[in-house]
Q: 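One structure coming up, written as C-alpha cells, with questions to follow.
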Amino acid sequence: MVSKRGGKLQCFSKGSENIQQSCCAVFNTEFTMYSFCIGDGTHKWTIQKRYSEFDALDRELQNKFPKKMLKIDRLPPKAIFGSMSPSRISNRQKSLDSYLKALLKETELVASPELHEFLEVPLEAAISDDEVQNSKKSDKSSSSTDVSQAATLSSPGASGRVSAWQAEAEAKWGGKEARKTA
C-alpha cells in the first residue's frame, strides 16, 4: 500500500500476549492480543488486535471485494478447544502476519477505509502533503477558510476515523469562528 505521505505500508509481527479478563468476579475469559508494527517509511505505529477483529475485517473485505479476496490466503480457522496453546498461538501469529502482508500488496484493498481503520493509520500518515500545506495556510488566513479546510480533511483521501474524529470535535467544540464569538 502506498500511503499519501510515506512509501509502501509494511507490517512486522511483534508477538502476542495472553490477556485474562474478569467479569463479575465469576466469569473469567482469556484471549490473545497479536501485536504488529506498521510503517510507511515515514511513520511507524503498533497495533494490537484479537483474532476476532481479524475475522471481522476479513468478512467485511470478503463482502466488499470478493474477487480481490480470492488472492488472499484464508485466516486460520477458529479453535474452540486449545486456542491458548503456545504452538497454536505461534502458528496463528505467523498466519495473521502473512494475511496482513498479503492485504498490503493489493492496492485496492489498501485504499479501503476498512483496512485503514483496522490498521489505525495515524492522522499524520493519513493526510497528504497538500492537505498539510492547506492546513498551515488556513491557520494564517481568515476563519472562512477553516470551513474549506474541514471539507479537505473529510475528503475521501482522509481515513474514516479521521473524519469521524473531526466531526465529533466540531460538534463538541464548534469551529474557530464559534469560539471567537463566545
Side-chain angles (χ1 to χ4, degrees), residues 1-24 26-128 154-165 168:
M1 161 178 164
V2 177
S3 72
K4 288 185 167 190
R5 297 197 65 205
K8 239 181 173 176
L9 279 184
Q10 296 180 342
C11 127
F12 303 96
S13 175
K14 289 185 71 177
S16 60
E17 178 182 5
N18 291 339
I19 310 285
Q20 188 169 21
Q21 226 173 24
S22 295
C23 179
C24 305
V26 176
F27 181 70
N28 289 325
T29 183
E30 193 172 10
F31 56 89
T32 304
M33 294 292 284
Y34 299 94
S35 298
F36 297 89
C37 181
I38 310 293
D40 67 357
T42 304
H43 304 92
K44 277 187 184 179
W45 62 97
T46 301
I47 60 171
Q48 289 190 313
K49 301 291 182 181
R50 293 177 67 168
Y51 176 85
S52 59
E53 293 173 283
F54 277 92
D55 189 46
L57 172 68
D58 188 61
R59 281 183 273 127
E60 285 181 51
L61 294 176
Q62 290 285 347
N63 288 334
K64 192 169 180 180
F65 306 100
K67 290 182 181 178
K68 286 285 182 191
M69 290 302 288
L70 289 174
K71 298 178 184 179
I72 308 297
D73 288 339
R74 301 298 304 165
L75 286 175
K78 285 188 175 185
I80 297 173
F81 299 105
S83 64
M84 299 306 288
S85 76
S87 64
R88 181 169 299 234
I89 290 171
S90 175
N91 289 337
R92 187 177 269 182
Q93 178 80 37
K94 290 174 189 170
S95 295
L96 295 175
D97 185 51
S98 296
Y99 176 79
L100 268 182
K101 287 178 179 176
L103 291 178
L104 295 178
K105 288 180 183 177
E106 295 295 326
T107 308
E108 190 175 352
L109 297 177
V110 167
S112 74
E114 293 85 0
L115 189 54
H116 271 248
E117 188 171 326
F118 180 83
L119 294 175
E120 301 172 18
V121 177
L123 178 61
E124 307 84 52
I127 60 176
S128 70
S154 60
S155 69
S159 74
R161 191 167 52 102
V162 171
S163 299
W165 168 81
E168 181 182 336

Q: Please indicate whether Lys14 has more than 12 foreign heavy atoms, meaning atoms of other residues, nucleotides or ligands, lying under 6.0 Å from its NZ.
A: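 At most 12 heavy atoms, drawn from other residues, nucleotides or ligands, come within 6.0 Å of this atom.
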Q: Let's go through Ile72 and Leu61 carefully: what are the C-alpha distance in whole Å and the side-chain angles of both, what is the deciding distance for side-chain contact (heavy atoms from CB on, under 4.5 Å) to 0.1 Å, and is it a yes or a no?
A: CA-CA 11 Å; Ile72 308 297; Leu61 294 176; over 6 Å; no
Q: Suppose the criterion is salt bridge (charged side-chain N to carboxylate O under 4.0 Å, His left out): which pairs have a residue in residues 91-103, not counting sequence neighbours?
A: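 Qualifying pairs: Asp97-Lys101.
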Q: Locate the shortest heavy-atom distance separating Leu100 from Leu119; write the atom from each residue and the value.
A: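 Closest heavy-atom pair between Leu100 and Leu119: CD2-CD2, 4.1 Å.
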Q: In sequence, state the C-alpha distance, the side-chain angles, and the governing distance for Met69 and Leu103, and then conclude on side-chain contact (heavy atoms from CB on, under 4.5 Å).
A: CA-CA 8 Å; Met69 290 302 288; Leu103 291 178; 4.0 Å; yes
Q: Test side-chain contact (heavy atoms from CB on, under 4.5 Å) on Phe36 and Gln93 and set out the steps.
A: CA-CA 10 Å; Phe36 297 89; Gln93 178 80 37; 3.6 Å; yes
Q: Which residue pairs satisfy the ring-ring contact (aromatic ring centres under 6.0 Å, His included) criterion with at least one member in residues 84-113, sequence neighbours excluded?
A: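 Checked against ring-ring contact (aromatic ring centres under 6.0 Å, His included) - neighbours excluded - no pair reaches residues 84-113.
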Q: Any donor-acceptor pair under 3.5 Å linking the side chain of Ser95 with the backbone of Asn91?
A: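 It does hold such a pair.
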Q: How long is the straight-line distance from NZ of Lys105 back to NZ of Lys71, given to the nearest 0.5 Å?
A: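 Lys71 atom NZ to Lys105 atom NZ measures 12.0 Å (nearest 0.5 Å).
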Q: Apply side-chain contact (heavy atoms from CB on, under 4.5 Å) to Leu104 and Gln10, showing your working.
A: CA-CA 7 Å; Leu104 295 178; Gln10 296 180 342; 5.8 Å; no
Q: To the nearest 0.5 angstrom, please state how far the CE atom of Met33 sits from the CD1 atom of Ile89.
A: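 Answer for the CE-CD1 pair, Met33 versus Ile89, is 13.0 Å.
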Q: Would you give the length of the straight line joining atom CD of Glu120 to atom OG1 of Thr46, rounded to the nearest 0.5 angstrom?
A: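 So the gap between those two atoms works out to 9.5 Å.
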Q: Can you measure from NZ (Lys68) to CD (Glu106) and round to the nearest 0.5 angstrom?
A: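 Answer for the NZ-CD pair, Lys68 versus Glu106, is 5.0 Å.
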Q: Quick one: does Glu53's side chain have a donor or acceptor within less than 3.5 Å of a partner on Arg50's backbone?
A: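 Checked: pair present.
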Q: Please determine if Lys64 and Glu108 form a salt bridge, counting it only when a charged side-chain N lies under 4.0 Å from a carboxylate O.
A: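 Salt bridge flag = no for Glu108 with Lys64.
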Q: Donor-acceptor pair, Lys49 side chain versus Phe118 backbone, under 3.5 Å?
A: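 Looks like yes, one N/O pair under 3.5 Å.
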Q: Closer than 3.5 angstrom, by distance alone: can the side chain of Tyr51 be matched with the main-chain N or O of Leu75 as a donor-acceptor pair?
A: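 Side chain of Tyr51 to backbone of Leu75, a donor-acceptor pair under 3.5 Å: no, none is there.
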Q: Just to verify, what does Thr32 make a side-chain hydrogen bond (donor to acceptor under 3.5 Å, both in side chains) with, not counting sequence neighbours?
A: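 Listed in chain order: Asn18.
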Q: Give a yes or no on whether a salt bridge exists between Arg74 and Asp58, defined as a side-chain N under 4.0 angstrom from a carboxylate O.
A: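 Salt bridge between Arg74 and Asp58, a charged N being under 4.0 Å from a carboxylate O: yes.
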